[in-house]
There are 2 protein chains.
Amino acid sequence: MYIWVMDTRDKILDLGEELIRTRGYHAFSFKDISVPLGMKNAAVHYHFPSKSNLGLAIIDRTNDRFLSEIHQWSSLSKEKQLANFLKIYSRSYRQNKVCFMGALGPAYDTLPANMQEGLQKASHEIRSWLTGLLKDGLSEGVFEFTEKPGEKADLIISALLAGLIMGRVTGEPVVLSIIKNLKKQV
Amino acid sequence: MYIWVMDTRDKILDLGEELIRTRGYHAFSFKDISVPLGMKNAAVHYHFPSKSNLGLAIIDRTNDRFLSEIHQWSSLSKEKQLANFLKIYSRSYRQNKVCFMGALGPAYDTLPANMQEGLQKASHEIRSWLTGLLKDGLSEGVFEFTEKPGEKADLIISALLAGLIMGRVTGEPVVLSIIKNLKKQV
DNA sequence: GTCTATACCTGGATAGAC
DNA sequence: GTCTATCCAGGTATAGAC
């Protein structure tokens, strides 16, 4: 019989991810991590020497998860893959989180260089995957739209990203109505 | 003959607006204002007792400008008014700025209460104006879309807002292609 | 209105004991 | 791997002179 042991490092990553996606990079501190986890500041530094170090690890982990997810989807229909992608954002909404690009993009210029690279890489993965999906689905005839696939991908990602942000401010489930409408547009 | 004198208060507001829209609220300091303007920290505090005070003044000024702009547009055709609205975002792109909602929304929960209110108010103004424009344009037959006007407004605002953010990260003029495509969708 | 000086706090980070 | 203790930098904010 196996039991699940989440080690400290994972707990830090989990909490750090939530903090970035609810407060942004500059508005959270090591204290926001150490206190809830019942440890001291220095202990967090043991696992992640610097804040940018932690920030990058969080971005990379999320990106790896995304790549593994789309890999698992690869045998599914194009419609189902798109639906799964949209589901990521409705889940984010329920968890009151924005996506990484939404959380970190506005202050991109203020981020440490390593995080800028990580974010750029992650955004490239998402855009190129969705572009490919739309392109294939279009030629298969399962999707229907007039834009170029790459531009359509940006339209979709943008609407989702900003829907999460607007939901924060307005208190309305903006992203859910956006998802509903996006489905009619492909 | 009149000459234009921009007083210190206006200079602070201008610079503060740029800082918020390029770096976000938490990543700029009074130093970022006082040094470029050749004054001391304390002098900035004379005009704005607290940072949140300054933040709110910036939001309110931008909102007032928007209201005055749309008022000036009111005699124009619906298409022209929409085109003017889109132009705000292509100008923002050229200036390397994101919009206020994009800059402040992701970290909404970390903002001082007065700024939260100001941002919420501003977002309401924009959404309701655009909703009205789309609704009127639809019944006049100058616009053509199948979504509900309010949802269409959110789709448009979202795409623009996030286009600016994605442009930051990717280095591509995402918002420009988004604008091009949005025009075909109304 | 702007200055100098300073108080106060928070945050990131490191050294060294356990 | 976590602790205590500490350092240092930076940021907001205020008091009081000019």
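So that the names make sense, note that chain A is the first sequence line, chain B the second, and so on, each numbered from 1.
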Q.
Rounding to an integer number of Å, can you tell me how far A:Lys31 NZ sits from C:dA13 P?
A. 16 Å

Q. Just wondering, do B:Phe100 and B:Asn63 contact through their side chains at under 4.5 Å, heavy atoms?
A. no

Q.
For DNA chain D, which residues of residues 50-58 of chain B approach it to below 4.0 angstrom with any heavy atom?
A. B:Ser50, B:Lys51

Q: Find the distance A:Asn41:CG to D:dC8:P and express it as a whole number of Å.
A: 17 Å

(Q) Quick check on D:dG1: is either OP1 or OP2 less than 4.0 Å from any side-chain nitrogen or oxygen of A:Thr8? (A) no

Q. Base, sugar-phosphate, or nothing for A:Tyr46, non-hydrogen atoms under 4.0 angstrom?
A. base

Q) What nucleotide among C:dG12, D:dT12, D:dC3 has an atom nearest to a side-chain atom of B:Phe30? A) D:dT12

Q | Separation of C:dC3 P from B:Leu37 CG (nearest whole Å) | A | 11 Å

(Q) I'd like to know if the side chain of A:Thr62 and the backbone of A:Ile58 have a donor-acceptor N/O pair within less than 3.5 Å. (A) yes

Q. Would A:His47 and A:Lys11 count as a side chain to side chain contact (heavy atoms under 4.5 Å, CB included) if you check the C-alpha gap in whole Å, the side-chain angles of each, and the deciding distance to 0.1 Å?
A. CA-CA 11 Å; A:His47 295 278; A:Lys11 286 183 193 164; over 6 Å; no

Q) When you check the side-chain N and O atoms of A:Thr110 and A:His26, is any donor under 3.5 Å from an acceptor? A) yes

Q. Between B:Ile12 (CD1) and C:dT2 (C1'), how many Å, whole number?
A. 11 Å

(Q) As a test of understanding, state which of A:Leu138, A:Thr146, A:Val186 forms a side chain to side chain contact (heavy atoms under 4.5 Å, CB included) with A:Lys152. (A) A:Val186

Q | Spacing between B:Lys40 atom NZ and D:dT12 atom C1', to the nearest angstrom | A | 17 Å

Q. Over how many whole Å does the gap from B:His45 atom NE2 to D:dG16 atom C1' extend?
A. 16 Å

**Q.** A:His26 NE2 to D:dG10 C1', straight-line distance once rounded to whole Å
**A.** 14 Å

Q. Picking from C:dG12, D:dT12, C:dC3, which would you name as closest to the side chain of B:Ala42?
A. C:dC3

Q. Taking NZ from A:Lys11 and C1' from D:dG1, how many angstroms apart are they, rounded to a whole number?
A. 13 Å

Q: May I have the step-by-step check of ring-ring contact (aromatic ring centres under 6.0 Å, His included) for A:Trp129 and A:Phe85, ending in yes or no?
A: CA-CA 11 Å; A:Trp129 172 78; A:Phe85 180 71; 5.4 Å; yes

Q) Base, sugar-phosphate, or nothing for A:Phe28, non-hydrogen atoms under 4.0 angstrom? A) sugar-phosphate

Q. Is the closest side-chain donor-acceptor distance between B:Glu144 and B:Gln185 under 3.5 Å?
A. no

Q) Under 4.0 Å between a side-chain N/O of A:His47 and OP1 or OP2 of D:dT2, yes or no? A) yes

